[in-house]
Structures are given as structure tokens and as C-alpha cells.
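Written out below as C-alpha cells is the structure these notes cover.
Along the sequence shown, residues are numbered consecutively beginning with 1. Each ligand, and each atom within it, is numbered from 1 in the order the structure gives.
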Amino acid sequence: MGDRTLSAIGVLNLQGDVAEHLDHLARLGIEGTPVKEPAALSGLAGLIIPGGESTCLARLMRTFGIAQAIENEFRRGMKIWGTCAGAILMAREVVGEAPCLGLIDLVIERNSFGSQLDSFISEAVIPRVSERPLPLVFIRAPKVLRIGPGVKELLRIDDYIAAAESGEALVTVFHPEMTPSVAFHRYFARKCGLDPYGPDLQPDVDPKWITTSWTRLARII
Ligand code: GLN
């Protein structure tokens with residue numbers, strides 16, 4: 001594993017919301033590492049597979065030969081969080097398609113709300129993550145239709161599950177990295193055994209950051 005001390009969280013750096021996740025980790029005082037090659041996975045406490053386009057990400061994972069290394073590190077104890085396309089890559093079953101990594105026992109359906117034009121923003125309270133409502137950004141999002149034993153629902157909306165987790169894996173069909181809130185990143189960091197600042201030093205929403213950030217279009221909580 002090398003001599004890293006499991007203090008960093010990687011962000012799969014092939015396509016999608018890489019900078020946005022690294023930015024949120026930095027706000028929590030966590031070392032975020034862009035990961036492109038298998039060697040960069042060594043010694044990470046966790047890995048975020050960002051949103052983007054799952055077909056493209058799956059193809060690039062093959063090109064960079066990193067899928068097997070992600071699975072190996074996951075078995076070794078590295079936690080993984082998949083957002084949107086990342087959640088699709090992690091699912092054990094994808095409706096009508098072959099699964100990719102299959103690291104969490106759930107069934108997911110791609111593009112389940114319709115086209116890009118059917119993207120939307122809403123908000124919800126997810127008690128395990130924060131007592132305050134969290135902004136939720138859905139971009140041509142999938143729906144989690146079913147979860148297996150050993151997987152817990154974190155957020156259900158209408159007929160689908162929007163966030164779920166097992167002991168080792170977390171999936172969200174929305175994009176916390178595109179909002180002013182770092183609550184979900186803190187939740188994942190804690191799952192990885194990290195949270196150097198804690199809510200007293202770094203609140204879930206940084207008031208100085210909202211007005212100038214590219215996240216200003218998301219609903220401000
Ligand atoms: N629609 C994309 C897919 O199926 C996911 C979109 C996203 O990550 N925002 O891969």
C-alpha cells in the first residue's frame with residue numbers, strides 16, 4: 001500500500017465533475033487527489049467517481065486499465081462514492097445494460113427522468129447527512145429502483161431511491177458537488193474516517209463562497 005496514511009480521498013479524473021469534487025474536499029481541509037492511473041489509488045481512504053457520462057467513463061476506465069485496481073482497493077477497504085454517472089458505474093444491475101463495477105447491490109436505470117431538458121433542482125432533508133435541507137441537482141439523472149439486503153436507503157422520493165449506501169459504498173443520483181453545501185462530502189469523509197475540520201471550523205455552507213461561485217445558480221440554503 002505504500003506509506004500513505006489513508007488521509008486522502010481520490011477523485012476519478014477521467015471525465016465529469018472532477019474539479020468540483022476536489023474543490024469541496026479542499027473546503028473540508030481534506031487532501032483530494034485526482035486519480036487517472038491505477039498507481040494513484042494506492043493508500044487512499046476513499047474514492048469519488050464523479051458524474052459525467054457513464055458510457056464515456058466506462059470506456060476511459062478500460063483505456064486506463066483502472067477498473068480492476070478500483071475493485072481491488074475497494075476489497076482492501078477503500079470507500080467509494082458514486083455521484084450520478086458514478087452511481088451507474090457502481091451498480092450491480094443497470095436496466096437494459098451490462099453493469100460496470102458492480103460494487104453495490106442495487107438496480108439503477110439510466111436517464112430515468114428523460115432528456116437533458118428534464119434536469120431539475122429540488123431540495124430535501126436527509127437526516128443521516130444533515131438536519132438542514134440540502135439542495136439536490138439532478139442532471140439527466142438515473143433512478144435507483146431497488147436495493148438489495150445490506151444496502152440502506154438514505155433518501156427516497158416518490159417511486160425511486162435518490163441516495164443509498166452499504167458499509168463500503170455510497171451512491172447519489174444527484175450532484176452535491178454542484179451546490180454550495182459540503183454536507184454530503186463531509187458525510188462521505190466521515191465514512192472514510194476523515195473530517196479534520198468538523199462542522200465548527202467549516203460549516204456546511206461557506207457564506208463567503210456562495211455569491212461568486214459557479215454554484216450560485218443552485219438554490220441557496
Ligand atoms: N445520463 C448520464 C449517464 O447515463 C449521467 C448524467 C450525470 O452524471 N449527470 O451516464
Side-chain angles (χ1 to χ4, degrees), residues 9-25 32 34-36 46-64 66-67 70 80-104 106-124 126 129 134-147 154-155 157-165 169-185 187-188 213-219:
I9 292 181
V11 180
L12 190 65
N13 180 26
L14 298 175
Q15 188 259 339
D17 282 356
V18 180
E20 292 81 355
H21 278 295
L22 290 170
D23 181 69
H24 272 47
L25 292 173
V35 171
K36 205 167 262 176
L47 177 73
I48 298 174
I49 305 183
E53 182 60 37
S54 55
T55 47
C56 174
L57 278 161
R59 199 167 174 160
L60 287 168
M61 277 178 13
R62 280 196 294 277
T63 304
F64 283 83
I66 201 168
I70 291 175
I80 308 188
W81 174 18
T83 54
C84 204
I88 295 165
L89 296 178
M90 286 177 66
R92 194 157 294 166
E93 196 178 325
V94 183
V95 174
E97 294 182 30
C100 183
L101 296 168
L103 299 179
I104 184 165
L106 51 80
V107 182
I108 202 162
E109 181 176 64
R110 294 182 60 205
N111 304 329
S112 202
F113 295 88
S115 77
Q116 193 79 357
L117 292 174
D118 299 302
S119 302
F120 60 97
I121 296 174
S122 67
E123 65 176 11
I126 307 175
V129 177
L134 297 172
L136 308 176
V137 176
F138 294 77
I139 304 175
R140 203 154 61 94
K143 285 181 184 174
V144 173
L145 304 180
R146 288 188 297 285
I147 52 177
L154 281 174
L155 176 64
I157 305 173
D158 304 328
D159 62 339
Y160 65 95
I161 297 163
E165 69 177 340
L170 174 65
V171 294
T172 55
V173 303
F174 47 85
H175 290 265
E177 78 287 2
M178 300 195 75
T179 77
S181 170
V182 292
F184 239 106
H185 288 73
Y187 185 73
F188 180 61
S213 167
W214 38 261
T215 61
R216 65 193 178 284
L217 296 179
R219 186 179 173 135

task: Name the option, out of Gly51, Pro50, Gly52, that contains the heavy atom nearest to atom 5 (C) of ligand 1.
output: Gly52
- prompt: Applying a 4.0 Å heavy-atom criterion (strictly less than), which segment of Asn111 is in contact with ligand 1: side chain, backbone, both, or neither?
  reply: side chain
- prompt: Which protein non-hydrogen atom lies closest to atom 4 (O) of ligand 1, naming both residue and atom, and how far is it?
  reply: Arg110 NE, 2.7 Å
- line: Heavy-atom nearest pair, Pro135 first then Glu123, reads CA-CB, 4.2 Å
task: Would you indicate whether the side-chain heavy atoms of Val95 and Val107 approach each other to under 4.5 Å?
output: yes
message: List ligand 1 atoms under 4.0 Å from Arg140, heavy atoms only on the residue side.
response: 1 (N), 2 (C), 5 (C), 6 (C)
Shortest non-hydrogen contact between Ile139 and Ser119, atoms and distance: CA-OG, 3.4 Å
query: So is there a nitrogen or oxygen of Ile88 less than 3.5 Å from a nitrogen or oxygen in ligand 1?
result: no
query: Looking at Ser54, which atoms of ligand 1 are within less than 4.0 Å of one of its heavy atoms?
result: 3 (C), 4 (O), 10 (O)
query: Would you call the rings of Tyr160 and Phe113 parallel, tilted or perpendicular, where under 30° means parallel and over 60° means perpendicular?
result: perpendicular
- prompt: With under 30° as parallel and over 60° as perpendicular, where do the rings of Phe184 and Trp81 fit, or are they tilted in between?
  reply: parallel
message: Quick check: Cys84 and ligand 1, any N/O pair under 3.5 Å apart?
response: no
message: Show me which atoms of ligand 1 lie under 4.0 Å from any heavy atom of His175.
response: 7 (C), 8 (O), 9 (N)
task: Report yes if Ala85 has an N/O atom closer than 3.5 Å to an N/O atom of ligand 1; otherwise report no.
output: yes
message: If I compare all heavy atoms of Pro50 with all of Leu57, which pair ends up nearest, and what's the gap?
response: O-CD1, 3.7 Å
